[in-house]
Each structure stands twice: as C-alpha cells, then as structure tokens.
Amino acid sequence: MANKITLNMITQRSIEEGVAMEKGKTTPEYFEACSIIELHDEDIKALGLVPNQLVRVTSECGSVVVKVVKGRQTLYPGLAFIPQGVWANQIVPPRTQATGEPQYSGFPVTVEPVASGERRKSALELVQGAVGMWRGEQ
Amino acid sequence: MKTVTLTMTNPPELYLEGQNITPDAFAGKTAAEIAAIDVWEGKLKSPLGKYFTVEGNGGATAAETRIILRGDCSRLKRVGQQMTAGEIVIEGDADMYIGGWMKGGKIHVKGNVDSFCGLAMEGGELIIDGKAGHHLGSSPRGEWRGMQGGLIRVAGSAGNDTATFMNGGTIIIGGDADIHVSTHAEGGTVIIKGNAKGRVGGQMVKGDIYVFGQIENPLPGFKQVGEVEQEVDGVKARFIHYIGDLGERHPVSKGKPVYGNIYTRI
Amino acid sequence: MPKRIENVGCPYCGVCCDDLVVTVSDDGKKILEVENACAIGNQIYHHATESERVRLPRLRQPDGTYKEISYDEAIDYAARVLYNAKKPLIYGFGSTNCEGMAAAAKVGEKAGAILDNCASICHGSSLLAIFDNGYPSCTLGEVKNRADVILYWGANPAHAHPRHMSRYSIFPRGFFTGKGHKSRKIIVIDPRYTDTARVADIYLQVKQGYDYDLFNAFRTVARGHEIPEEVAGIKREKILEVVEIMKNARFGTIFYGMGLCHTDGRNHNIDIAISLTRDLNDFTKWTIMAMRGHYNITGPNQVWSWQYGFPYCLDLSKRDIAHMNPGETSSIDLAMRGEIDAFFNVATDAGAHFPIEAVKELRKHPWITIDPNICMASEISDLHIPVGIVGVEVPGIVYRMDNVPVQYRKVIDPPEGVISDEELFERIYQRLCELEAEDAAKERVKTTAEGIPAED
Amino acid sequence: MSELLIKNGFVFDPLQGIRGDRMDIAVKDGRIVETSALQHPETIDASGMTVMAGGIDIHSHVVGPKVNVGRLFRPEDKLFKSPLKRCNRMEMGFSVPSTFKAGYDYARMGYVFVNEAAMPPLHSPHVHEEIRDTPIIDNAAMPVFGNNWFTLEYLKNHEIENNAAYTAWLLRATRGFAIKVVNPGGTEAWGWGLNCENVHDPVPYFEITPAEIIAGLIETNEHLGLPHSVHLHCNNLGNPGNYTDTLDSLKLAEGYTPKNNFGREQVLHATHLQFHSYGGDSWGNFESRAPDVIDYVNSHDNITIDIGQVTLDETTTMTADGPFEHHLRALNNLKWANTDVELETAAGVVPYIYSPKVKVCTIQWAVGLELALLSKDLMRTFVSTDHPNAGPFIRYPRVITWLMSRAARDATMKTFKWLERTIDATSIDGIDRELDLYEIAQMTRAGPAKALGISNTYGGLAPGMDADIAIYALNPENMPENPEEIEKALSRCACLLKDGVVTVRDGEVLTEPPKRTVWVDVKVPENAQVQRDIYEHFLRYYSVNLGNYSLFEEHLFNPRVIEVDTTQ
C-alpha cells in the first residue's frame with residue numbers, strides 16, 4: 001500500500017458529463033458526473049482505497065479533490081481518467097507544444113488519499129475561486 | 001560594416017512584431033530614419049523609436065549593416081525575418097520567428113528563443129546560445145517546402161517538431177530534442193548532440209539525422225542496416241545506421257530506393 | 001392543439017441528427033416532447049423552456065454582483081472593449097449558426113481582433129494535419145451505403161456522439177450494406193476498453209500516447225516490411241491481422257477523436273493516420289473522418305475559410321491582412337503568453353473547458369460572455385449577453401462533422417427580447433463603425449497598419 | 001432615376017455585330033436604353049477606350065465545398081501572397097481566393113457573371129452561403145448529375161421523362177442552373193476506388209456506360225429545353241492519349257439539335273478541353289492533339305467549348321473527378337483531399353505547380369492556345385482556366401494577351417526549359433494568328449452568354465439588357481506595342497458598370513452593388529414515380545432528411561429566376 005502513486009492521466013468526454021452539462025454546470029448532476037476519477041482496480045488497491053473515497057490529484061500545474069470510482073470503461077493499470085470538465089481542467093497542463101491544444105490527455109499526476117476534512121469543491125467555487133471571484137455559497 | 005544599436009527602453013505591454021528589424025530594412029538609413037520604421041503591437045502600428053532607443057546609422061547595404069539588440073527583447077517577434085545579408089546580435093532572449101524565412105547573413109541570439117525560429121530558412125546562419133522552442137527550422141503551416149538551406153545551431157535543447165518538412169541545410173542541437181524530428185523530411189541534416197525523445201524521422205522520405213545520445217523510443221519503421229564511421233560537426237565517431245521511414249514512400253534513384261537515414265552514436 | 005415539428009436538427013454534437021420531432025405546447029412557449037433524440041439532445045430542448053433563462057444582459061458591479069442592463073448598453077460596452085483593446089480575442093462558436101459566425105467575423109475584422117473557435121482546443125490538431133497532408137474523406141452517407149470496415153481510433157462515440165454508430169457507421173443498412181451490422185467489421189483502438197470497444201469485432205488496447213508508433217507500424221506492414229515483436233503494447237500478429245483486414249476492405253473509414261488530438265504529438269497522430277489512409281487507397285477505398293464535437297464546430301472552419309482562407313486562429317489585428325499560426329495565434333497560447341488584452345467568450349464555455357491556468361490569465365483582462373446559458377464563463381464575466389439558442393429558438397445553417405451543411409429550424413421563439421448571435425454581432429459592428437466615425441470626426445483616427453506587401 | 005451616357009468609346013458587341021464602332025451607350029435605371037431615352041445623364045468619357053458588355057465566365061470553381069477545402073488546406077497559398085486591404089473586406093489567397101477577393105477581382109477585370117462549375121447537390125446550402133459572401137458578381141451554380149444514382153438508374157432504363165422530372169426537382173432543390181457532368185460514371189466508380197476510363201467502360205453495379213449517361217442527359221436537357229446545354233467534363237481527363245476518348249464523347253452529340261427558347265445553339269458544352277486533347281501513350285511521348293479535337297469542333301456547330309488554359313502558376317486543382325485527383329496525388333506526392341458525396345458525386349483537391357521547366361506543363365500551355373487559335377468559330381470557343389485547375393482566373397488578361405499577341409507567346413516560350421520539345425510536340429510555333437478585340441469579346445462575353453442561354457440579359461449592349469458594361473483603357477486603333485500593357489489594361493478595367501452602377505473606376509472597386517443568384521425553375525408534369533423514388537432514396541440511403549435537403553428560401557440570396565415551363 002502506497003500513500004501516493006504516479007499515474008498517466010487522460011481527460012475525455014463521458015455521456016454522463018454530456019447530459020449533465022446541458023442541464024447546467026451548477027447542477028448536482030454535473031457535480032456527480034465530473035468530480036470523479038476512474039482508476040484501475042490495481043491502482044485503487046495500491047492506494048489502499050475503496051471506491052467512493054476522495055483523493056487529491058496533482059499535476060505539474062495544479063491540484064484537485066475528486067472521488068474515486070472503479071473504471072467504468074476499463075483502463076489498464078497506471079492509466080487514470082477524469083471526465084472532461086471543470087475538475088479535470090484544474091490539473092490539465094495548458095502547454096500546447098506550439099499546436100494550440102493543451103495537454104488534455106497523457107500527463108503525469110500523483111494521486112493520494114485526501115487529508116481529513118478535505119472535500120470536493122463545486123464547479124463554481126473552483127472557477128470563481130481561481131480568479132478571485134468566489135463569494136461563498138449564495 | 002556599420003552598427004545600429006537598438007536598446008529596448010519602453011517594453012511593449014503585449015508583444016512587439018519586428019519584421020522590419022533587418023539589415024535589409026536598415027541599410028542606407030540614419031538612426032533617425034530607423035527610429036521611424038514601423039513595428040506593431042497588436043493592432044497598433046508605431047515607430048520603432050517608441051520602444052527602442054536607436055544609436056548608429058545603417059550601412060550602405062544590408063551586408064554592411066550589423067544590428068545589436070539590447071534590453072529585454074523576450075517579447076519581440078520576427079527579428080531578421082526574410083533577411084538576406086548582414087548581421088543581427090540579440091544580447092538576451094528573444095521571442096518567436098527569429099530568422100524566419102531568412103535567406104542570408106547571420107543572427108546570433110545570446111539567450112533563449114521561443115517557437116518557430118528559423119522557419120522556412122533558405123540560407124544564412126542562426127546561432128542560439130540558449131535553448132530553442134518548438135518548430136525550430138520547421139516549415140510554415142501547410143507548406144511542404146520546409147527549410148531549404150543555411151545553418152541553425154542551438155547550444156541548448158530544442159522543443160518538438162524540429163525540421164518538419166526539411167529539404168536542405170543543417171540544424172545542430174547541442175542538447176536534447178523533444179518528439180518529432182525531421183517529420184516528412186525530404187533532405188537536410190539534423191544533428192542532436194544529446195538525446196532524442198522519440199518519433200525521430202517519422203514519415204521521412206530523405207535526409208539525415210545524427211543522434212549522439214539515445215533515442216528513447218525509436219519508431220518501428222526504421223531498420224538497422226549496419227555501422228559507419230563518420231565525422232559529424234568536427235567529431236569523428238562510429239554510428240549505428242538505420243534506414244526509414246519504411247512506412248513512407250521513397251524515390252528511386254539509379255534503380256535503388258533512397259531512404260532517410262538515422263545514425264546513433266555507439 | 002400542441003404542434004408537432006418534424007425534421008428538426010439537434011444542436012448537440014457533430015452527428016447533427018436532423019430527424020428529431022419536437023412537440024410544442026399550444027401557446028408555442030413550452031417544449032412538451034422530443035422524439036428520436038439521444039439523452040443529451042433531449043436535455044437541450046427541455047432545458048430551453050424548463051430552466052430559468054437570462055433575459056437581459058448582465059453587467060458586473062463593483063461589489064461582484066450582476067446588474068441587468070439593456071441590449072443597447074451591453075452592445076456599447078462590448079464595442080468599446082473591442083475598440084480600446086490592442087489585441088482582443090473573440091473565441092468560441094461551437095454552438096451557434098454560420099450566420100452568427102459570419103457576422104462575428106465582420107466584427108473581428110473591424111476591431112482588429114483574433115478570431116478563434118473551439119477547434120483550437122479540440123480538432124485543431126486535425127486542421128493542422130489537414131494543412132500538411134490533406135484529407136481523404138467522404139460524407140457519412142457514403143459510410144452507411146458502402147463501408148464494410150469501420151475503425152474507431154481514440155474516439156468513443158458511445159459517449160460523445162451517441163447516435164453516430166446507429167445512424168452512419170456500424171448498424172445502419174445502406175445501399176451496398178443491406179445486412180447492416182452483419183456486413184461490417186468493426187475495429188476499435190483505444191487505451192480504454194470503452195463502451196464503443198464493446199461492440200467491436202477487434203479491439204486493440206494501444207498504450208496511451210503511442211498512437212503514432214502504431215500507425216507507423218501499420219504503414220510499415222502495409223508496405224511489406226518487418227516490424228518489431230510488439231509496438232505500442234500491441235503484438236505483431238494482431239497488427240498484421242488488422243492491416244490485412246484493412247487492405248481487403250471494399251470501403252473502409254477511420255473515425256478518430258480526441259484520443260489522437262489531445263495527446264503527445266497532437267497533429268502528427270492525425271497526419272500519419274491520413275498517410276495511412278492515402279496508402280490504403282493504393283489497395284482499395286479508404287476514407288478518414290474527424291469526430292467533430294459540437295453540432296456546428298465545423299461551421300466556423302468553413303465560414304472563415306471562405307472569408308479569409310483560414311479555419312481558426314485568425315489574427316486579424318493587422319486589419320488588412322489575416323495571419324494564422326496555431327501555437328502563436330491560438331487562444332490557449334495567447335492566454336498563457338499574455339498576448340491579448342480582452343476576451344470574448346461566444347457560444348461556448350471557456351470557463352469550464354479551458355485549463356484553469358488559461359482562465360486565470362484571461363481573467364486579468366475584460367471578459368465578455370455571449371451565450372444563452374448560465375455557465376462557468378458567464379459567472380466570471382464582466383458582462384454576460386444572453387442570446388437565443390440555435391436549433392431551438394434560432395434557425396440557420398450548420399455544418400455536420402463531414403462538412404455537409406444542414407439547415408436547422410427553430411421550434412419556439414426565444415424569450416421575449418432576447419436576440420440572436422447574428423443580430424447581436426451586427427449591432428456591435430454598427431456601434432464599432434459609429435465609434436470609429438466619432439473618433440474620425442475628432443481627428444483622432446487610429447493608425448491602420450500597413451501589413452505585409454503582396455508578392456505576386 | 002439614374003442616367004448615364006458612355007460617350008465615344010470603341011464599342012464591341014458581337015451579339016449585335018458591332019465591331020469597334022465609335023458610339024455612345026446609354027444607361028437608365030440599371031438597363032441599357034436608346035440614347036434618345038436619356039434626359040440629363042451623367043457622362044463617362046470613353047474616348048480612346050474599348051467598351052464591352054461585362055464579362056461572363058462560363059466555367060469557374062469559385063464557391064462551394066471543394067473550393068473551400070482548397071482554401072482551408074492551403075494556408076501557404078496566403079503567406080506573403082495576399083494583397084493589402086483596399087475594399088470593404090480583406091482579400092486573401094492567390095490560387096484559391098476568398099469569396100470577397102473573388103468578387104472584387106472579377107469586378108476589377110470587368111466581369112459580372114460567373115457560373116460555378118460544379119455544385120454537389122447535398123452541399124447546395126454551402127454553395128449559396130458562399131454566393132452570398134461573393135460581392136458584386138452574379139452567380140449561377142451547376143449541380144452535378146453524371147454520377148447521381150437517380151440519373152444512372154433512370155438512364156440505364158432510358159426513362160428520359162423520369163430523368164427529366166428528377167432533373168427539374170434537383171434544379172429546384174439546389175437552386176441550380178444547368179446539368180453538369182463530371183467524368184460520367186467514373187466518379188461513381190471511385191466510390192470503390194475505381195474509374196471509368198473511356199465512354200464504353202461500364203459503371204460498377206449500375207451497368208450503364210458513360211456514353212449512355214452523356215447521351216441520356218443531352219436528351220433530357222433538350223426534352224426540358226433548359227437555357228444551358230449539358231456541360232461536360234469528359235472521361236479520362238489529363239492522361240496521355242485521351243483525345244480519342246474526348247472525340248468519342250463529342251460524337252455522342254451527333255444527331256441532337258438544340259430545343260430551347262433562350263437562343264442557345266449547342267447541345268453540348270465540352271469544358272476545359274485543353275485537359276482532354278492529349279496524344280502519346282506516356283508522359284515521355286506526351287503530345288498535343290488539339291488540332292484533331294478542334295477540327296472536330298469546328299465542323300460540328302452543336303458543340304461549344306472552353307479552353308482551360310494553363311497559366312504556368314502554382315495553383316490548386318479541384319474537381320468532382322475524384323479518381324483523377326487521386327491519380328494526380330501519386331504523380332506529385334502533395335497533400336490530397338477527397339470528398340465522396342453520397343448518391344451524387346465526389347471531389348478531390350491537390351496543389352499543383354505548372355512550371356515552365358517541366359515539359360508536360362509547357363505542352364499543356366500550348367494545347368490550350370492551339371484550341372483557341374485554331375478555332376474557326378470564336379462564338380463557340382471561350383476563355384477559361386478552369387479556375388483554379390489550370391491557373392487562377394486572375395490570369396485571364398494574360399491568357400487573352402497570349403491570344404492577341406504572337407510576341408507575348410514568344411516571350412513566354414523563351415522561358416521554357418524544353419522549348420524545342422514543346423515545339424515538336426505541338427503546333428503552337430506554326431500559328432501566327434493574333435485575335436482582335438472583337439474576337440475576345442466573342443470569347444469572353446457574347447459567346448458564353450449565348451451558350452448559357454442568358455444572352456437576352458447578359459453579354460451584350462442592346463437596349464433592354466442589364467447595364468453591365470466594362471470599359472478598358474485600350475485603343476483598338478492604337479494597340480500598345482508592349483503586350484504587357486494589354487494585360488494591365490484588362491486586369492484593371494477603367495470602369496465597370498454593374499446594373500448601371502459605377503462599381504470599378506481605374507481598377508479600384510468603389511462600391512458593391514447587390515449581386516444576384518441566377519437559377520432555373522423548370523415546371524414539369526406531376527410524376528408520382530419520381531416522387532416515390534425520391535422519398536424512398538432519402539428514407540433509406542441519404543444521411544440527411546428529405547425535409548431538410550432542398551434549399552430553404554431564406555438561404556437563397558437575391559434570386560433571379562429563369563422560368564422554363566415544359567407543361568405547355
């Protein structure tokens with residue numbers, strides 16, 4: 001059991017994200033669809049986690065708290081997935097390698113269980129918080 | 001040779017486009033005339049003198065004109081674009097397109113440069129003491145006639161997409177190269193003194209690549225054919241010789257197919 | 001009597017289903033039922049009339065709250081931001097019609113702006129590859145009528161394009177494919193065993209980030225050369241088997257997605273896929289197609305290509321000549337390098353879909369959002385201007401993922417007073433002209449750059 | 001009430017047989033009128049200048065999906081090649097200009113009407129969107145029929161009436177102008193990566209030959225009495241030895257006579273004939289067979305042609321001849337775009353460099369000029385570059401200069417690397433003919449207008465016609481010694497009136513009068529079978545619903561309808 005592992009992260013669309021996004025990015029559906037990380041069983045085990053626990057995922061440019069779920073669309077060990085959306089974009093490296101496209105897929109992250117008391121933040125809190133506009137739940 | 005010294009005293013808020021900062025544009029002009037030459041910051045066109053102090057007059061011709069750039073030029077693009085002769089020295093960092101479409105003369109950057117430098121170069125020399133960004137000596141978007149000639153020498157490392165669609169000339173990278181070297185190349189030589197990450201010579205038709213270090217992840221389309229001893233950039237060494245990209249078309253010359261070559265140092 | 005409207009085009013994904021049937025309430029104000037749409041498309045229609053819509057532009061106040069203002073005030077504000085910026089960026093357009101895009105281009109040209117669309121962070125890689133290597137493609141009906149081998153590579157239509165497989169690729173019975181699914185071989189290549197992979201005859205689990213190497217192996221094998229025992233996590237025998245199937249197809253199509261566009265090498269993954277498609281045409285018929293995301297993200301690529309010759313990342317700041325170079329004139333690079341000083345988010349949500357670092361950089365400057373919905377971008381803007389929803393409240397032409405134009409209808413009126421993207425941009429354009437004239441009258445005409453001379 | 005009098009110009013109007021007479025042309029409210037009808041006209045002094053009707057381009061690829069592929073995938077066609085903005089909108093591109101540049105450039109050359117050479121029916125909304133954004137010039141667009149499944153099925157069974165009903169339906173659905181045929185059968189075969197290499201090579205599955213398609217469409221066209229004839233791009237384009245296939249195609253028109261109310265006298269327009277007039281059996285012994293082909297045309301007056309002149313530029317080839325573009329890709333290894341369109345057609349796009357250093361290219365150059373210079377009827381022989389295939393349309397003034405001046409031809413030939421071989425493989429060096437301005441007016445106005453069936457409105461200067469008038473700074477009594485001066489004068493007209501509005505002055509665009517979309521609306525008897533076939537095909541094979549296929553009225557820009565009623 002490790003308290004931190006390094007994985008290769010990809011972020012792509014999921015249908016749950018698609019449906020929820022059209023409903024609205026401030027809805028609970030969007031929150032549940034996107035604030036998750038899918039991992040392979042072996043990696044969940046390596047971290048000593050059980051599904052639905054929260055983890056902190058950290059990349060070269062940021063960090064986010066998300067909930068662990070077992071890979072719905074099967075991953076191989078070492079590969080991790082966060083659905084496209086606000087949570088994924090907290091850690092997507094903006095480097096484009098002079099193509100215009102950020103590194104949405106294929107970047108190293110570390111995954112570790114959260115410290116006690118840490119929670120998943122809402123989409124609005126993350127985005128408004130990042131630009132200094134978060135005024136707390138209204 | 002006459003020297004014009006530009007010192008960045010009033011740096012732009014955004015970025016400055018200096019395609020007119022060339023010996024060709026400065027030749028035959030006085031310092032005052034040079035200060036009146038156009039540069040662009042976004043949609044604002046201004047005289048060069050708004051950002052730089054200008055000392056010295058241009059020579060009679062481009063070949064007799066040397067330009068020295070001082071101050072923080074890290075937000076200055078397109079210096080030496082399409083220059084045909086003369087010399088430019090940038091005493092620190094510079095931004096994109098340095099030496100783009102260069103035909104002759106010499107540019108010496110004492111610091112680092114960003115992407116697209118030496119783009120579509122036809123001749124002359126581009127010397128960079130620091131490191132280079134992506135698309136070094138590469139071709140402009142959509143253009144299949146990439147670098148035609150000249151020499152690019154970078155002391156440090158280079159980003160990805162070095163020498164895409166290269167047709168001629170030489171690029172020497174003192175450090176490491178990121179992925180994609182000489183993609184689609186149909187000629188020219190790239191020498192990497194450090195390591196190359198991968199995708200070296202992908203879709204390559206013709207041309208030579210020398211890697212002194214390791215290719216971390218070689219492509220399946222290259223086949224080892226033997227060992228050779230060669231002198232490369234003044235260094236005599238033995239190399240393993242690969243040909244490829246075997247997945248790509250290759251012209252036939254005198255009844256034999258011509259391949260791209262990768263040499264890795266033993 | 002509720003009204004049934006047929007042949008309605010769906011404003012969700014690049015599949016552009018145009019067979020929706022929408023039932024609208026007697027008063028034409030409420031959408032009662034949507035037939036034929038996928039789960040996501042369904043949601044769009046219901047959301048339009050069920051949710052609380054923004055009906056007036058909202059301007060950020062010093063205390064951080066929004067205050068409603070009139071369209072005239074909002075248009076003046078937007079025009080002034082454009083007018084005063086040295087290099088404004090107008091980005092988005094994934095979810096609007098071509099008429100709106102053409103009007104926005106007029107504004108961009110007048111304002112000396114950068115004009116970019118969502119392809120910049122999506123299929124921009126495809127466009128770069130098309131610049132370098134072309135695009136041997138076809139319309140989706142060709143696939144339906146002829147294709148006997150379908151290859152999905154780095155694409156997951158089961159999630160991103162829910163009706164793609166049933167309308168065009170795997171399941172439909174076409175003219176020469178009367179047996180539907182039975183007449184086709186399905187290959188899926190993806191690092192994940194996706195819901196799409198579950199319907200495949202052959203699934204190759206490529207090692208993430210090694211697609212280029214695998215394509216290279218395919219091409220090498222197709223030309224009769226040896227390859228190593230294993231490439232990109234796939235055994236040689238498997239590669240040989242797939243190449244054999246591809247060479248023996250009557251008509252094949254490679255559909256590829258973000259798995260190629262968003263990873264290391266970006267455009268080169270697609271570039272080499274195009275090379276493979278070229279190669280295969282020496283044996284039989286093969287085509288390739290990008291799985292474009294939004295229903296009209298192909299639109300701005302088309303409109304701006306005929307207007308300027310460039311599909312995205314247009315630098316119009318010289319006003320008399322356009323320049324394009326993704327990596328420099330692309331939204332994320334502009335943001336991260338600090339190259340722009342105003343941001344317009346149009347018909348998309350950069351707040352949610354840009355990496356947060358880019359959002360932070362952009363937010364240092366005025367940020368205006370033009371979108372029907374409350375989204376992350378609207379919630380961090382200085383100004384949010386609501387517009388009608390294209391395909392629901394506003395008709396117009398959209399371009400499907402295969403570049404086929406589809407004529408969209410409106411099924412209900414927009415909320416009272418809410419205007420279309422096209423009208424909004426036309427009015428911003430008019431206001432820009434007025435501002436220019438006012439300054440000209442004061443003899444303070446801004447200098448226009450001379451650009452780069454023509455070389456005939 | 002606007003009145004204009006163009007005074008003292010040398011007027012050339014082949015439709016009226018006016019050969020450079022010094023006369024005045026009167027304009028009132030957008031129409032040409034008798035000079036006596038004017039009260040207080042503004043005058044334009046055209047003394048010492050040439051006055052012609054606005055130019056008519058019978059075949060040019062300027063709007064639509066494949067043109068836009070050409071724009072999109074060639075950023076290098078814009079790099080350092082686009083002019084600075086002079087007009088209302090930016091002008092971008094060289095070989096494939098932006099819509100704005102195309103409109104302005106045609107206007108600057110004194111052209112007012114351009115017939116888009118190929119419209120894939122499924123993409124007609126795209127074509128019409130681009131037409132909207134092409135300023136000044138009037139546009140028509142020809143939907144392609146030669147590989148359309150409906151057409152193939154009807155003609156296989158020789159159901160001319162059904163084919164006519166379908167043709168009428170498709171013209172209306174796409175707001176199209178005429179029947180275009182590109183590589184009949186071959187483009188359908190390309191759906192399987194195959195081709196039809198001659199007119200007797202049957203189409204896979206459909207079991208109909210290109211010859212049957214061509215003849216059936218001619219019959220259909222005359223059955224309907226459309227303004228224009230069948231507009232044919234022959235099979236086997238661009239290959240050595242193809243002139244026999246071309247002659248086989250042209251012979252299919254024998255026995256057909258034109259039936260229409262539009263003054264059209266041909267039943268077949270063979271387009272870009274230069275690409276179809278080659279001898280030899282390899283690139284090694286490639287040679288001109290232009291004399292054989294034009295001899296045939298000269299002796300058969302139910303055929304018109306345009307030349308498709310090679311201009312020796314770097315350009316972008318684009319055609320619905322999908323297999324040809326695939327073939328070209330293998331010759332030059334450049335980027336290749338292909339778009340097969342379900343049930344209808346295909347298209348390919350490949351950049352190409354016509355270099356004076358390449359023997360094949362210089363022979364091609366000669367072939368086009370031979371066709372024009374050996375033609376005995378310039379009312380049936382038209383200027384084109386098959387823009388942008390053989391070169392961009394902005395080279396028309398250069399093409400005309402070559403036609404008007406042996407010295408200009410010689411100057412160009414001096415730049416050829418393989419001059420001797422070019423002379424050996426062609427008859428160009430033996431031709432001294434120099435065309436005059438009347439003949440040029442035939443080839444660029446009167447002839448194409450007549451062949452398109454629009455010569456009651458366009459292409460002439462008779463009272464009642466649209467006041468589309470081009471004035472060039474060329475004095476026919478004192479033509480410039482230096483041929484480059486001719487090219488200059490034709491590139492930038494001294495004045496263009498479009499619908500009576502002074503649109504261009506001294507080569508500069510002053511204003512953008514509203515342009516039109518010209519289309520042909522054919523009334524045919526109800527045809528239940530065709531209606532049912534259309535319904536079935538859409539239900540089963542198309543990927544777009546029938547209800548969304550026909551162009552919505554709101555996407556048709558400023559229409560001018562030509563009505564044909566076959567039910568009378």
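In what follows, chains are A, B, ... by sequence order, proteins preceding strands, each numbered from 1.
- Residue contact with chain C, scored on non-hydrogen atoms closer than 4.5 Å, involves the side chain of His326(D) exclusively.
- Looking at Tyr549(D), the atoms closer than 4.5 Å to chain C (heavy atoms on both sides) all sit in the backbone: N, CA, C or O.
- Phe206(D) and Phe175(C) have parallel rings, their planes meeting at less than 30° on a 0 to 90° scale where 60° marks the start of perpendicular.
- The candidate with the highest count of non-hydrogen atom pairs below 4.5 Å against chain D, out of Asp18(C), Thr277(C), Ile130(C), is Asp18(C).
- No other option in Trp286(C), Tyr308(C), Trp304(C) has as many heavy-atom pairs under 4.5 Å with chain D as Tyr308(C).
- Between chain C and the residues Val69(D), Val63(D), Leu72(D), the largest count of heavy-atom pairs under 4.5 Å involves Leu72(D).
- No side-chain N or O of Glu314(D) forms a donor-acceptor pair with one of Ser95(D) less than 3.5 Å apart.
- Aromatic rings of Phe150(D) and His537(D) (six-membered ring for Trp) have centroids within the 6.0 Å cut-off, being under it.
- Looking at Glu91(D), neither its backbone nor its side chain comes within 4.5 Å of chain C, counting heavy atoms on both sides.
- For chain C, the nearby part of His555(D) is the side chain; its heavy atoms alone come within less than 4.5 Å.
- Heavy-atom distances place both the backbone and the side chain of Leu551(D) under 4.5 Å from chain C.
- Under the side-chain contact (heavy atoms from CB on, under 4.5 Å) criterion, Lys410(C) pairs with Pro395(C), Asp413(C), Pro414(C), sequence neighbours left out.
- Residues passing the side-chain hydrogen bond (donor to acceptor under 3.5 Å, both in side chains) test with Glu76(D) are Arg74(D), Lys335(D), sequence neighbours excluded.
- The minimum heavy-atom distance linking Arg71(D) with Ser305(C) is given by the pair CD-O, 3.2 Å.
- Only the backbone of Tyr542(D) comes within less than 4.5 Å of a heavy atom in chain C; its side chain stays farther off.
- Taking the six-membered ring where tryptophan is involved, the planes of Tyr408(C) and Tyr295(C) are essentially parallel, since the angle between them stays under 30° and well short of 60°.
- Partners of Glu553(D) by side-chain contact (heavy atoms from CB on, under 4.5 Å), not counting sequence neighbours, listed by chain and number: Arg175(D), Leu556(D).
- Residue contact with chain D, scored on non-hydrogen atoms closer than 4.5 Å, involves the side chain of Tyr168(C) exclusively.
- Interface remark: Pro65(D) contributes no atoms to any contact with chain C (heavy atom separation under 4.5 Å).
- Using non-hydrogen atoms only and a strict 4.5 Å limit, the part of residues 337-352 of chain D facing chain C consists of Ala337(D), Asn338(D), Thr339(D), Asp340(D), Val341(D), Glu342(D), Leu343(D).
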